[in-house]
There are 2 protein chains.
Amino acid sequence: MLVCQGDVVAAALPTTGGVIIAHSKSSKEPRDTLNRERVLRAAVDLADECGIESVTMRELGRRLEVKAASLYNHIAGKDDLLGGMVDLALSEIDVPTDGVFWKETLRRRAISARQVFARHRWAAGLIDSRDRTGPNSLAYVDRVLGVLIGAGFSPSAAANAFLVLDSYLYGFERQRPDVSIEDGLERTEVAREILAAIPDGGYRYAARVAIEYAENPFDQEAAFEFGLGLILDGLERSLG
Amino acid sequence: MLVCQGDVVAAALPTTGGVIIAHSKSSKEPRDTLNRERVLRAAVDLADECGIESVTMRELGRRLEVKAASLYNHIAGKDDLLGGMVDLALSEIDVPTDGVFWKETLRRRAISARQVFARHRWAAGLIDSRDRTGPNSLAYVDRVLGVLIGAGFSPSAAANAFLVLDSYLYGFERQRPDVSIEDGLERTEVAREILAAIPDGGYRYAARVAIEYAENPFDQEAAFEFGLGLILDGLERSLG
DNA sequence: TTGACATACTAACACTGTTAGTACATTCTC
DNA sequence: GAGAATGTACTAACAGTGTTAGTATGTCAA
């Protein structure tokens, strides 16, 4: 059940998290008040279900059965909220720590990151350098740098490799076409739209590619791993 | 002279573009009314000088000596405005068409794109797949695909290569640290802040890298071209 | 001159993030 | 236990946002 605008049902039912705010006198239970963690999780859920533009203080408050102003007891402001959401999302990325070869470790990490960005489609667009200081993000950065330095990269070379890898990662997620999500019929429809938007005569190559994708589905997983392999191979080569 | 908030001086002086709106009766001159092009250019200037968050309808109107509502005669809405700004910025990217080797062509294009993103720091953050349908963007996409197909890539391989390259391009610009912009003193200051934010004991590798950059400046141009070379070499290898 | 059209205007709408001040419940201190 | 202190959520309001409806004004073509 998705509740994306302020429906009455949202106020009549328990929250998604299952924690009821009603002031039941049965004490000893975990506090029925808000906290930073619950606010951030609710914001992430809201963004996942309804899009990042639906994450407003009032809507978030509605979900938590609280007025918007109350949220400021637990977060510093909207910037803090968004930063916390990113940090929470990044914490879901898996960095294997068992003894696999560094290249395989980083490949798995990248694929895990891509899955996280697929789950939280708003995340990639929110990331920039200043977000890397959250507690989860820092731990994540540290682990990846550890893998690279352990593989023989110097500290600065490791940072460089990390930057290159994540640039690709975030950039891919930002601009990847949404086409492949829809089914075949709609895909050809989109391609036809693209073709319709192309003035006669011009854009021969773009048209050729559009036709290509109107006929054959675009495998974005394969496209991603193709580029990922390119970069990892290059990093390995730069190491020797 | 930067005028970023609604100062009175903005209304007393001619606009940056040098076009005076005053209703001078000397006719036959180019119309003194607005048009889409002038609105978009003013928005780009405003974003360059004051940041993308300063681009509001009212502020943009103030710059053009017009009320906000009047802008809607020339653009469909804010989405259209932002899309047009991105299209305008992308049109500044250079794609050499003379007979140089495809790899060199794409390298030059990437470097040109990075310079454009440095000029228009807001642009990379605004780009996503749906923005590629503007007239300038389409022409740009077409030229790049033409280079790749001309080099021997199949249409789908060319699209894939294009996606990988631009993912890196946009991603790098999004997350590149601002540190290197400030001078040496401030840089070490920033590094010290990072170190201060790191809890004792944890994050050994991140700390090591931070120290590294507190001592030696970070050459982001070199970092960018390192990753670019990696990808281009990989693409060439995938071709043969 | 008249009519059509494009443009810019005023005024208002429903939103947004955010703050000040108040009421209430819990928890700590004596 | 009584009283103080703290934390939480509330109401009400602020300035700012994008956007629309309706109105005036100017510029062209017939």
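Just so it is clear: chains get the letters A, B, ... in the order the sequence lines come, proteins before strands, and each one is counted from 1.
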* To do: Can you figure out which of dT20(D), dA8(C), dA9(D) approaches the side chain of Tyr72(B) most closely?
  => dT20(D)

* Short side-chain to backbone donor-acceptor contact, Asp166(A) and Leu169(A), under 3.5 Å -> no

* Structure fact -> Taking for Glu53(B) and for Lys67(A) the nucleotide of DNA chain D with the nearest heavy atom, the one nearer the 5' end belongs to Lys67(A)

* Asked: Please give, in whole Å, the distance from dT16(C) C1' to Asp79(A) CG?
  -> 14 Å

* Do Arg143(B) and Arg109(B) have side chains that get closer than 4.5 Å, going by heavy atoms? -> no

* Asked: Between dG18(D), dC9(C), dG17(C), which one does the side chain of Lys78(B) approach most closely?
  -> dG18(D)

* **From dT8(D), dT7(C), dC9(C), nucleotide with atom closest to Ser70(B) side chain** => dC9(C)

* Asked: Picking from dT18(C), dC9(C), dT7(C), which would you name as closest to the side chain of His74(B)?
  -> dT7(C)

* Take the protein atom CD1 of Ile75(B) and the nucleotide atom C1' of dA8(C), then report the distance between them rounded to whole Å. => 14 Å

* To do: Find the distance Met57(B):CE to dC9(C):C1' and express it as a whole number of Å.
  => 16 Å

* Asked: With a 4.5 Å heavy-atom cut-off, do Leu34(A) and Leu71(A) have their side chains touching?
  -> yes

* Among the candidates dC9(C), dG17(C), dT19(D), find the nucleotide nearest to the side-chain atoms of Thr56(A). => dG17(C)

* **Base dA6(C) to side chain Asn73(B), donor-acceptor N/O within 3.5 Å cut-off** => no

* Please confirm whether Arg174(B) makes a cation-pi placement over Tyr170(A), using NZ or CZ under 6.0 Å from the six-membered ring centre and within 45° of the ring normal. => no

* Structure fact -> With the side chain defined as heavy atoms from C-beta on, Ala69(B) is closest, among dT7(C), dT19(D), dT10(C), to dT10(C)

* To do: Send over the distance from Glu65(A) CD to dT8(D) C1', rounded to a whole Å.
  => 16 Å

* **Contact check, side chains of Leu90(A) and Ile127(A), non-hydrogen atoms, under 4.5 Å** => yes

* **Leu64(A) CG to dC10(D) P, straight-line distance once rounded to whole Å** => 11 Å

* hbond_proxy Arg58(A) side chain to dG17(C) base (donor-acceptor, 3.5 Å cutoff) -> yes

* Between Leu71(B) (CG) and dT7(C) (C1'), how many Å, whole number? -> 12 Å

